[in-house]
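Report on the structure given below.
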Amino acid sequence: MMRTFLLSIIISFSMCAVSVANTNDHSYLRIEIPQKTISYPPGTPFLAKDTQGNTVLSLYDLKQVGTFEITIPITLFVYVSWSDSPDVYQLKSGTLSLQKAKTYKKQLDQTQKTTSKKSHENVYLIKKQYFSYDEATGYDVNLEFSNGISFLYRDGKAKAWKNGEALTIKKKYIIETDEGDLKLSYNPKTQKIWWIFDKK
């Protein structure tokens with residue numbers, strides 16, 4: 001009897017984990033507050049707590065309800081991958097929701113096809129995810145390339161990684177690696193992307 005009870009608990013936890021994993025893969029967090037909308041990449045964990053420190057919302061909870069309306073003061077902690085400390089928001093109104101991310105795999109931009117030369121390495125785009133649109137900074141985007149480089153444009157700022165390590169970005173946007181430079185152009189207003197990889 002005890003063994004059956006323990007097995008049921010393990011199965012229940014496994015089902016919850018699968019549900020959260022699916023949410024992480026396909027949905028991103030959108031925060032809608034007066035005069036502003038903020039989005040985070042899929043899989044970004046978060047917790048919302050009330051003024052007494054009690055957890056009122058998590059990623060799994062939001063998956064169940066779809067949209068959470070903020071009717072009491074809460075503190076939202078968003079545990080981003082690009083910082084050791086979470087983004088913190090003191091919120092009194094607005095909504096939190098999970099939105100479906102558009103994902104494109106193994107898609108090679110036509111401009112990159114026509115501009116590739118023998119002196120360049122054929123690096124192609126394997127994933128492209130657009131998030132919310134802001135009138136000042138345009139569309140946020142996450143790009144992943146076949147050589148392991150990940151590029152994130154968010155709120156007008158750009159970051160890049162390879163194998164978990166941050167890469168240096170010069171101008172808009174030359175991403176430096178030991179193998180060469182990924183020269184990337186992204187227009188956040190039109191969503192047009194162009195790139196080429198200069199191998200050392």
- Message: Tell me if the NZ atom of Lys183 is crowded by more than 12 foreign heavy atoms within 6.0 Å.
- Response: no

- Locate the shortest heavy-atom distance separating Tyr130 from Ile193; write the atom from each residue and the value. OH-CD1, 3.7 Å

- Message: Main chain of Asn54, side chain of Asp50: is a donor-acceptor contact present, judged purely on distance under 3.5 Å?
- Response: yes

- Separation of Glu179 CD from Asp198 CG (nearest 0.5 Å): 13.5 Å

- Task: Indicate, with yes or no, if Tyr133 and Leu143 share a hydrophobic cluster defined by side-chain heavy-atom contacts under 4.5 Å among Ile, Leu, Val, Met, Phe, Trp and Tyr.
- Result: yes

- With sequence neighbours excluded, what pairs up with Tyr186 under the ring-ring contact (aromatic ring centres under 6.0 Å, His included) test? Tyr153

- Minimum-distance pair of heavy atoms, taken over all atoms of Thr137 and Asp155: CG2-C, 3.7 Å

- Thr67 versus Glu69, side-chain donor and acceptor atoms under 3.5 Å: no

- Donor-acceptor pair between Thr168 and Glu176 side chains, under 3.5 angstrom: no

- Item | Within-4.5 Å side-chain heavy-atom neighbours: Leu57 and Thr55 | no

- Looking only at heavy atoms, the pair that brings Val141 and Lys128 closest together is CG2-CG, 4.3 Å

- Could you pull out all residues at least two apart from Phe68 that satisfy ring-ring contact (aromatic ring centres under 6.0 Å, His included)? none

- Give, for atom CD1 of Ile126 and atom CD1 of Ile149, the distance between the pair rounded to the nearest 0.5 Å. 11.0 Å

- Message: Please check this pair: side chain of Ser146 against backbone of Tyr124, looking for a donor-acceptor N/O pair closer than 3.5 Å.
- Response: yes

- Could you check if a side-chain atom of Val78 sits within less than 4.5 angstrom of a side-chain atom of Pro86, using non-hydrogen atoms only? no

- Task: Check whether Leu125 and Ile174 end up in the same hydrophobic cluster, where Ile, Leu, Val, Met, Phe, Trp and Tyr are linked by side-chain heavy atoms less than 4.5 Å apart.
- Result: no

- Task: Could you give me the CA-CA distance, side-chain angles and deciding distance for Leu184 and Phe145, then say whether side-chain contact (heavy atoms from CB on, under 4.5 Å) is met?
- Result: CA-CA 11 Å; Leu184 172 68; Phe145 294 89; 4.1 Å; yes

- Task: Using the side-chain contact (heavy atoms from CB on, under 4.5 Å) rule, take Phe46 and Leu29 through it: C-alpha gap first, then chi angles, then the decisive distance, then the call.
- Result: CA-CA 9 Å; Phe46 64 87; Leu29 172 65; 3.7 Å; yes

- Task: May I ask you to test the Ile70-Thr95 pair for a side-chain heavy-atom distance under 4.5 Å?
- Result: no

- For the residue pair Gln99 and Phe131, establish whether any side-chain heavy-atom pair is separated by less than 4.5 Å. no

- Item | Closest contact, heavy atoms only, Ala158 versus Tyr173 | CB-CE2, 3.6 Å

- Message: Counting only heavy atoms not in Lys189 (residues, nucleotides, ligands), do more than 12 fall under 6.0 Å from its NZ?
- Response: yes

- Give, for atom OG of Ser58 and atom CZ of Phe77, the distance between the pair rounded to the nearest 0.5 Å. 14.0 Å

- Item | Check: Phe151 ring centroid to Trp195 ring centroid under 6.0 Å | no

- Can you find a pair of side-chain heavy atoms, one from Leu98 and one from Leu59, that are under 4.5 Å apart? yes

- Nearest heavy atoms of Ser93 and Ile33, plus distance in Å: O-CG2, 3.7 Å

- Task: Mind listing the closest non-hydrogen atom pair of Leu76 and Ala48 along with its distance?
- Result: CD1-CB, 4.1 Å

- Message: Rounded at 0.5 Å granularity, tell me how far CG in Asp87 sits from CD1 in Ile38.
- Response: 8.5 Å

- Item | Arg30/Asp140 salt bridge by N-O under 4.0 Å criterion | no

- Item | Between OG on residue Ser150 and NZ on residue Lys159, distance to nearest 0.5 Å | 14.0 Å

- Message: To the closest 0.5 Å, what do you measure between CD1 (Ile74) and CG (Leu91)?
- Response: 5.0 Å

